[in-house]
Amino acid sequence: MTADLIIHNIGNLITPIVSNTPIRGQGMAQITSLNDAFIAIKDGVIIAVGTKDYATYQSEHTRYHDATGLLVTPGLIDSHTHVVHAGSREHEFEQKMRGVPYLDILKQGGGIHSTVKLTKEASEETLYNQALKSLNRMIMYGVTTVEGKSGYGLDADTELKQLRVQKTLNQNHPIDIVSTFMGAHAIPKQYVSNHQIYLDQVVSMMDQIKQEKLATFVDIFCEKGVFSASESYFVLSEAKKRGFDIKIHTDEIASIGGVEVARRLGASSADHLMAITLNDMKLLSQGRTIATVLPSTSFYLNAEYAPARKMIKNNLALAVASDYNPGSSPSENFLFTLNLAAIHLKLSPNEILNAATINAAFSLNKGKSHGVIAPGYVADIVIYDANNWPYVLYHFAINHVKDVIKNGEFIVKNSEIVKGETR
Ligand code: NIG
Ligand code: FE
């Protein structure tokens, strides 16, 4: 088979090892690293990777891209964001800086509720254009697949509006967007004293969402003062009955049983986990649930970081994601999230690579097609203006991404978007 694109003379190509299951514990320290490498691509799929001669993949139609001296990784996968929302929350920044806790701002009707108000008022076009800007920032930082959640509507119309906008963006923008319905993100004020009324509404929203194919996953915010473990179990088991895969925001501030819910229901991921207990780590050491850690949120909230080293010691499979949202992680800079994973989570460069590619892909049920540079995988590739991965993690808060290839085509070239939204 001949290639339509060959990336050659690659200074250093790094990739997770091919695996049919997420990479856990000590295994996260293993990657493949090739010097002076090539990648051959045909019809958006990788057909060969190696260091030797690529003559057998050449034809007169083959195009070439020279990556002399440069670092190459799989496309990065940001597996937890709230990318579609209206407005921003700089008005709460001062309160936050004075030390008012995140949950107190939420209780006063601010926080998620202030974004809900703006998102309800916004037109689809406004939401679309704001998220489009964010997606363009993300691809510039090497992100080729992103997950995005609803949850700034808390009523059927607005939740569906968010998900429809996301679906259109997925169709029009080269990035892959995996959609999650998170109607149970906060409790609307009128239901504070009777959560069940709202949770029943959330369940009935699922039927419409399923019908319109608007989401793959359902998620809930299991947290002290938000939704309890038994409420989470209720919502997520109803989601499973309807054929959704599930995720859970849990142990961000307090450990109230969300991890056990994730384990019992076989969630694809449990996310945040800053307050995870040793016992819960043991639960997650078996089963399919990826432990998704979000260091940008800890950074921005001046909060604890997830005990990532202990999690690896206990054989968990970690993913790292940005949690991009207007309240607790207002930045699309995924490389900065990875800087924090090194500095604060104390993950090694190899562990970070696995966490931001293959494991993130598994948390989105894409682990057998995305996140690895090997024959048969989708050709999502990042080329950096750097010659090694530790350098990218060390030289922090800088965008080292030079070129991004999505499905075998350049979408970023020399740090500029060359193939964007096609509306
Ligand atoms: O993942 N924790 C709950 N939800 C988001 C924050 C949303 C917001 O503050 O707007 C999170 O951090
Ligand atoms: Fe989140």
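Treat the numbers as computed from the prediction; the structure is a model and nothing was measured.
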Query - Leu284 side chain near Val259 side chain, heavy-atom distance below 4.5 Å - result: yes

Requested in this report: Could you list the residues that satisfy side-chain contact (heavy atoms from CB on, under 4.5 Å) with Ala379, not counting sequence neighbours?
Outcome: Ile41, Ile46, Ile381

Under 3.5 Å, side-chain donor or acceptor atoms of residues 24-32 against the rest of the protein: list the pairs with distances, not counting sequence neighbours.
unit_1, atom_1, unit_2, atom_2, d
Arg24, NH1, Ser285, O, 3.4
Arg24, NH1, Asn315, O, 2.9
Arg24, NH2, Gly287, O, 2.6

**Report entry** Pairs involving residues 203-214, ordered by first then second residue, that meet salt bridge (charged side-chain N to carboxylate O under 4.0 Å, His left out) (sequence neighbours left out)
**Finding:** Arg164-Glu212, Asp207-Arg242

Side chains of residues 64-77: which donor-acceptor partners sit under 3.5 Å, not counting sequence neighbours?
unit_1, atom_1, unit_2, atom_2, d
Tyr64, OH, Gln58, NE2, 2.9
His65, NE2, Asp403, OD2, 3.2
Asp66, OD1, Asn9, ND2, 3.0
Asp66, OD1, Thr68, N, 3.1
Asp66, OD1, Thr68, OG1, 2.6
Asp66, OD2, Thr68, OG1, 3.2
Thr73, OG1, Tyr384, OH, 2.8

Query raised in the report: Does Lys96 make a cation-pi contact with Phe93 (under 6.0 Å, within 45 degrees of the axis)?
Result: no

Query - side chain to side chain donor-acceptor pair (under 3.5 Å) partners for Asn279, two or more places apart - result: none

Query - Lys241: partners by side chain to side chain donor-acceptor pair (under 3.5 Å), with sequence neighbours left out - result: Glu238

Query raised in the report: Mind checking what makes ring pair (Phe, Tyr, Trp, His ring centres under 6.0 Å) contact with Tyr394, not counting sequence neighbours?
Result: Tyr391

Query raised in the report: Which pairs, with at least one residue in residues 250-268 and sequence neighbours excluded, count as a salt bridge (charged side-chain N to carboxylate O under 4.0 Å, His left out)?
Result: none

**Report entry** Close side-chain approach of Leu127 to Lys161, heavy-atom, < 4.5 Å
**Finding:** yes

Query raised in the report: Where do Leu318 and Ala308 come nearest, in terms of heavy atoms and distance?
Result: CD2-CB, 3.9 Å

Query raised in the report: Would you say the side-chain atoms of His80 and His249 include a donor-acceptor pair closer than 3.5 Å?
Result: yes

Requested in this report: Just jot down the side-chain contact (heavy atoms from CB on, under 4.5 Å) partners of Pro326, sequence neighbours excluded, or say none.
Outcome: His85, Arg89, Thr115, Tyr152

Mind listing the side-chain donor-acceptor pairs of residues 293-301 below 3.5 Å, one per line with the distance, residues two or more places apart or on another chain?
unit_1, atom_1, unit_2, atom_2, d
Ser296, OG, Thr337, OG1, 2.7
Thr297, OG1, Asp323, OD2, 2.9
Ser298, OG, Glu304, O, 2.8

Requested in this report: Using side-chain contact (heavy atoms from CB on, under 4.5 Å) as the criterion, list what pairs up with Thr144, not counting sequence neighbours.
Outcome: Asp380, Val404, Lys406

Report task. Under the side-chain contact (heavy atoms from CB on, under 4.5 Å) rule, collect the residues that match up with Lys368, sequence neighbours excluded. Result -> Asn20, Phe362

Query raised in the report: Which atom pair, heavy atoms only, marks the closest approach of Val83 to Gly148?
Result: CG1-CA, 4.3 Å

